[in-house]
Amino acid sequence: MKKNLKSSLFFLLVLFFSCNNKKENRLNNTEVIATTIASNDSIYKTADIAIKNGDTLIYKKAYRYFSVNHYEREFLYYSITMAHKYNWGQAYFDTYTILTNVNDESKISNESLATYYLLKSYEKNNSYAKEIVKEQFLDKGLKVPNSISILESKN
């Protein structure tokens, strides 16, 4: 009888502490989710400030955050806006990168649009774009097309 009582008491203690840990974990998970939502809101505000003011340093930090957290698709608006509003080569290249990655994930046929942004970045003397253009065109003995010609040829 004492063994059953000890076993029952032990089982109840384990159950009690187990339930307390789950409750604590739920609180911790809720805190993490709340912190993530707050940081997401602030990173969108940060990206908004970057495109509003043309701040390339803030833009780069926002892009890094979105990329690391696999939110590139959500950043596409910011990269396109920054590219067109400020005619900035790095934003054109970022747009190319995002379109290429999104294309791989969702099988959307936007190769010509991605190529347009690559060539636009190349025309702005972006070093990353120069490397890719060299591989895709120059190393194969092909002439590098004008960015506008890519869009015009699809119409």
[Y] side chain reached by [X] side chain, heavy atoms, under 4.5 Å:
X      : Y      : value
Thr56  : Met82  : yes
Ile150 : Leu113 : no
Tyr92  : Leu119 : no
Lys61  : Tyr65  : no
Ile98  : Arg73  : no
Phe137 : Pro145 : yes
Tyr63  : Thr97  : yes
Ile132 : Tyr128 : no

Looking only at heavy atoms, what is the nearest atom pair of [X] and [Y], with distance?
X      : Y      : result
Ala83  : Ala91  : N-CB, 3.4 Å
Asn87  : Lys124 : ND2-NZ, 2.7 Å
Gln136 : Leu142 : O-CD1, 3.9 Å
Glu135 : Lys140 : O-CE, 3.8 Å
Lys52  : Lys85  : O-NZ, 3.8 Å
Gln90  : Asn126 : OE1-ND2, 2.9 Å

Supply the atom-to-atom distance [X] [atom1] to [Y] [atom2], rounded to the nearest 0.5 angstrom.
X      : Y      : atom1 : atom2 : value
Thr100 : Tyr117 : OG1   : OH    : 12.5 Å
Ser127 : Tyr122 : OG    : OH    : 12.5 Å
Glu72  : Leu99  : CD    : CG    : 10.0 Å
Leu118 : Glu123 : CG    : CD    : 9.5 Å
Tyr96  : Asn101 : OH    : CG    : 9.0 Å

Item to check | Tyr59: ring-ring contact (aromatic ring centres under 6.0 Å, His included) partners, not counting sequence neighbours | outcome: Phe75, Trp88

Item to check | Flag if over 12 foreign heavy atoms under 6.0 Å of NZ, Lys134 | outcome: no

Are [X] and [Y] linked, directly or through other ILVMFWY residues, by side chains that come within less than 4.5 angstrom of each other?
X     : Y     : value
Ile58 : Tyr86 : no
Phe93 : Leu57 : no
Ile49 : Tyr77 : no
Tyr71 : Val68 : no

Checklist entry - Using the ring of each side chain (for Trp, its six-membered ring), is Tyr44 parallel, tilted or perpendicular to Phe66, with breaks at 30° and 60°? => result perpendicular

Checklist entry - What's the verdict on side chain to side chain contact (heavy atoms under 4.5 Å, CB included) for Tyr78 and Asp94, showing C-alpha distance, side-chain angles and the deciding distance? => result CA-CA 10 Å; Tyr78 297 102; Asp94 294 340; over 6 Å; no

Item to check | Any donor-acceptor N/O pair, Ser67 side chain to Arg64 backbone, under 3.5 Å | outcome: no

